Amino acid sequence: MRKQIAAANWKMNKTLSEGKQLLNDILTSIPSLSDHQEVLFSVPFPYLIQANEIVAGKKNIHIAAQNCHHKTSGAFTGEVSVDMLTSIGVAHCIVGHSERREYFAESNAMLADKVNLCLSASITPIFCCGEPLSIREQGSQNNFVEVQLNESLFHLNAEDLKKVVIAYEPIWAIGTGKTASSEQAQEMHAHIRAVIASKYGNDLANDVSVLYGGSVKASNAKEIFSQPDVDGGLVGGASLIADEFLAVIKALK
Ligand code: PEP
């Protein structure tokens with residue numbers, strides 16, 4: 001059975017003490033996770049080491065980075081490499097969040113490099129894809145997402161693709177309070193799975209976790225996650241409030 005995942009994305013929020021408090025508040029009340037369930041906390045770079053210590057030994061709870069650089073090392077002031085992440089025991093990394101694509105001009109080709117580097121460093125990439133509002137309004141979202149997958153993931157062999165977690169995040173639903181309806185989410189997730197199946201076969205398509213992201217919160221997580229092709233969520237705003245994120249975790253299948 002593919003993994004059902006609740007992934008928090010703190011973005012550029014919380015001081016160290018606020019972040020520790022939030023993490024501890026969640027861990028104090030977190031339900032015990034089944035083998036097929038996983039909880040990730042994508043915290044800012046400066047907190048990765050301490051956050052990792054806090055979750056150490058807790059079943060299926062991991063710390064993730066929010067980004068990594070697309071080169072292995074060198075003169076890239078301010079950047080963080082996959083080897084640095086591995087060296088501090090971080091084994092998950094968000095790749096291609098729409099905010100990085102928009103504000104830091106990350107292209108599909110650059111994201112293919114990041115995915116490759118993550119996999120070579122045994123880091124699970126949480127690969128984000130999703131269309132802007134203008135594309136949704138034209139009805140071209142399926143093709144738009146397919147191109148993102150094609151250009152950043154479909155060079156991988158089956159063994160490697162299986163290690164990737166995909167997060168479908170319609171940009172118009174991120175941080176806007178607008179959520180895709182559960183039908184819209186299911187439709188895109190089924191499309192993503194069908195595209196994977198056409199290239200890699202049904203078995204692999206059924207093994208890849210596809211998360212939904214875009215204003216997931218306590219009040220809508222259960223319905224969205226109940227869709228057959230939705231395997232949990234990547235959660236921004238609601239992951240900054242302990243009770244909200246706990247409810248999202250409890251909504252996992
Ligand atoms: C995100 O940051 O990936 C996200 C989906 O944010 P929000 O939940 O706030 O829409």
Side-chain angles (χ1 to χ4, degrees), residues 3-14 18-19 22-23 26 38-45 47-48 51 62-68 92-104 106 108 111 114-115 118 124-133 135-136 141 144-145 148-149 152-153 164-182 184-186 188-189 192 209-225 227 229-252:
K3 280 191 186 141
Q4 305 295 308
I5 302 170
N9 178 14
W10 289 6
K11 312 192 187 190
M12 196 175 71
N13 291 297
K14 303 285 177 193
E18 290 167 348
L22 174 61
L23 201 48
I26 293 168
E38 201 164 80
V39 172
L40 303 176
F41 293 94
S42 316
V43 306
F45 284 135
Y47 312 156
L48 285 171
H62 305 289
I63 299 302
Q66 296 175 12
N67 180 38
C68 61
H92 296 79
C93 182
I94 296 175
V95 170
H97 191 280
S98 61
E99 288 150 15
R100 301 246 14 128
R101 292 175 185 262
E102 182 177 352
Y103 306 134
F104 302 93
E106 296 193 352
N108 290 340
L111 297 174
K114 291 192 186 206
V115 167
C118 282
T124 301
I126 298 126
F127 176 79
C128 301
C129 56
E131 79 287 353
L133 186 59
I135 295 289
R136 170 66 61 170
Q141 64 273 10
F144 186 91
V145 168
Q148 291 179 319
L149 300 175
S152 300
L153 292 185
V164 176
V165 171
I166 295 174
Y168 167 60
E169 299 207 305
I171 297 170
W172 45 273
I174 297 179
T176 57
K178 276 190 202 161
T179 318
S181 66
S182 47
Q184 284 172 321
Q186 169 55 26
M188 178 59 83
H189 283 229
I192 291 172
S209 297
V210 186
L211 317 186
Y212 167 78
S215 301
V216 172
K217 47 185 184 263
S219 59
N220 59 24
K222 190 108 202 150
E223 177 172 356
I224 296 172
F225 295 176
Q227 297 302 311
D229 287 299
V230 177
D231 305 315
L234 178 56
V235 187
S239 76
L240 300 172
I241 303 162
D243 285 346
E244 284 283 322
F245 194 57
L246 281 164
V248 171
I249 296 169
K250 289 177 189 153
L252 287 174

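Just so you know, residue 1 is the first one in the sequence shown, and it goes up from there. Order of appearance sets the numbers: ligands from 1, and atoms from 1 within every ligand. Everything quoted here is computed from the prediction, not taken from an experiment.
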Can you check whether Ile192 reaches Cys129 side chain to side chain, under 4.5 Å on heavy atoms? yes
for atom 2 (O) of ligand 1, nearest protein heavy atom and its distance come out as Lys11 CE, 2.6 Å
Decide if the gap between the ring center of Phe245 and the ring center of Phe41 is smaller than 6.0 angstrom. yes
Using a 4.0 Å heavy-atom threshold (strictly under), name the region of Ile174 that reaches ligand 1: side chain, backbone, both or neither. both
Determine yes or no for a side-chain-to-main-chain donor-acceptor pair under 3.5 angstrom, with Tyr47 supplying the side chain and Lys14 the backbone. yes
Minimum side-chain heavy-atom gap Lys114-Glu106 below 4.5 Å: yes
Min heavy-atom dist Ala238 to ligand 1 below 4.0 Å: no
Got Glu99 and Ile174 here, is their nearest side-chain heavy-atom distance under 4.5 Å? yes
Among all protein heavy atoms, pick out the one at the shortest distance from atom 1 (C) of ligand 1; state its residue, atom name and that distance to 0.1 Å. His97 NE2, 3.2 Å
Please assess Glu131 against Arg136 for the test salt bridge (charged side-chain N to carboxylate O under 4.0 Å, His left out), listing each intermediate value before the final yes or no. CA-CA 7 Å; Glu131 79 287 353; Arg136 170 66 61 170; 2.9 Å; yes
Is there side-chain contact between Ile26 and Val39, with at least one heavy-atom pair below 4.5 Å? no
Which residue supplies the protein heavy atom nearest to atom 8 (O) of ligand 1, what is that atom called, and how far is it? Gly236 N, 2.8 Å
Which ligand 1 atoms does Leu234 reach within 4.0 Å, using its non-hydrogen atoms? 3 (O), 5 (C)
Under 3.5 Å between any N/O of Thr176 and any N/O of ligand 1: does that happen in this structure? no
Nearest non-hydrogen protein atom to atom 3 (O) of ligand 1, with distance, is Glu169 OE2, 2.6 Å
Any nitrogen or oxygen of Gly237 lying under 3.5 Å from a nitrogen or oxygen in ligand 1? Just yes or no. yes
Indicate yes or no: at least one non-hydrogen side-chain atom of Asp229 is less than 4.5 angstrom from one of Val210. no
Atom indices of ligand 1 within 4.0 angstrom of Gly214 heavy atoms, with elements: 5 (C), 10 (O)
With a 4.5 Å heavy-atom cut-off, do Leu153 and Ile166 have their side chains touching? yes
With atoms numbered from 1 as shown, which atoms in ligand 1 lie under 4.0 angstrom from a non-hydrogen atom of Ser215? 7 (P), 8 (O), 10 (O)
Atom indices of ligand 1, in the order listed, that fall short of 4.0 Å to a heavy atom of Gly175: 7 (P), 9 (O), 10 (O)
Need the ligand 1 atom indices (1-based, order shown) with element for anything under 4.0 Å from a heavy-atom of Ala173. 10 (O)
